[in-house]
Amino acid sequence: AQTVTQSQPEMSVQEAETVTLSCTYDTSESDYYLFWYKQPPSRQMILVIRQEAYKQQNATENRFSVNFQKAAKSFSLKISDSQLGDAAMYFCAYRRPFYNNNDMRFGAGTRLTVKP
Amino acid sequence: NAGVTQTPKFQVLKTGQSMTLQCAQDMNHEYMSWYRQDPGMGLRLIHYSVGAGITDQGEVPNGYNVSRSTTEDFPLRLLSAAPSQTSVYFCASSYGRGHTEAFFGQGTRLTVV
């Protein structure tokens, strides 16, 4: 079974600085999808960024970018110019494609604090 | 667009009671699923459905039932609530078989006393 590991239960960053959240996963598949979700105190799950495993180029979305290392099964999230609104729980998630059982597997989450 | 709508947002049950968590989506998504979120464990899949009339078990299905009679609705039933089912429950939907992200409802905080 696929597993997703986030080794940092908590992280903090100074406003305007850069922070990197780590995620590793275990899979025997060659094609899959990876996601970072943000969960603010409102509890809503918000997609931050998505990466297709067949793409070598790292995904970016404004201040958010990933470092996808397929051989190492690593998928870290970099937040640049951190803002107070970035404070939230961040979940890394893995999903298989084109199978009936294509459930999304989540890591345990990293709580990010942004200090003014 | 309403997206994924979950009701209720909060619920307190007594041990042994039953209830249904409602989930509806208006995006014509094939795939719907239910997760529970517990501290330190992320989100774990309870049940999922790949289309109307088709459901299957996820990682933690015991104590829960689902059905999918329409594309839009995917209710989750707690048959006999137990304190171990105290959790936050999320319903999610997505287009097809895994090539897109999941869209989530706002969650239901359930407490079983």
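Below, chain A is the first sequence line, B the second, and so on; all start at residue 1. Heavy-atom basis, side chains included; hydrogens, waters and symmetry copies ignored.
- For B/T108, the part lying under 4.5 angstrom from a heavy atom of chain A is the backbone only.
- Of all heavy-atom pairs spanning A/A108 and B/G40, the tightest one is CB-O, 3.3 Å.
- Cluster membership check: A/V4 shares its hydrophobic cluster with A/V48, using side-chain heavy-atom separations under 4.5 Å among Ile, Leu, Val, Met, Phe, Trp and Tyr.
- For the pair A/R43 and B/F10, the cation sits on the ring face: its NZ or CZ lies under 6.0 Å from the ring centre, inside 45° of the axis.
- Between atom CZ of residue A/R95 and atom OG of residue B/S94 there is a gap of 3.5 Å, rounded to the nearest 0.5 Å.
- Residue B/R44 does not touch chain A at all, counting heavy-atom pairs closer than 4.5 Å.
- Hydrophobic clustering, with ILVMFWY side chains joined whenever heavy atoms are under 4.5 angstrom apart, keeps B/F103 apart from B/V66.
- Among the candidates B/A102, B/A92, B/P39, B/S33, the residue making the largest number of heavy-atom pairs closer than 4.5 Å to chain A is B/A102.
- Counting heavy atoms from C-beta on, the side chains of A/F91 and B/Q37 come closer than 4.5 Å.
- With rounding to the nearest 0.5 Å, the separation of CZ in B/F90 from CD in A/Q39 is 4.5 Å.
- Interatomic distance, CG of B/L43 versus CZ of A/R105, reported as 12.0 Å (0.5 Å rounding).
- B/Y35 places no side-chain N or O within donor-acceptor distance of the main-chain N or O of A/F106, the cut-off being under 3.5 Å.
- Under the 4.5 Å side-chain heavy-atom criterion for grouping Ile, Leu, Val, Met, Phe, Trp and Tyr, B/V4 is not connected to B/M32 through any hydrophobic cluster.
- Atoms CZ and OH, on B/F104 and A/Y37 in that order, are 5.0 Å from each other to the nearest 0.5 Å.
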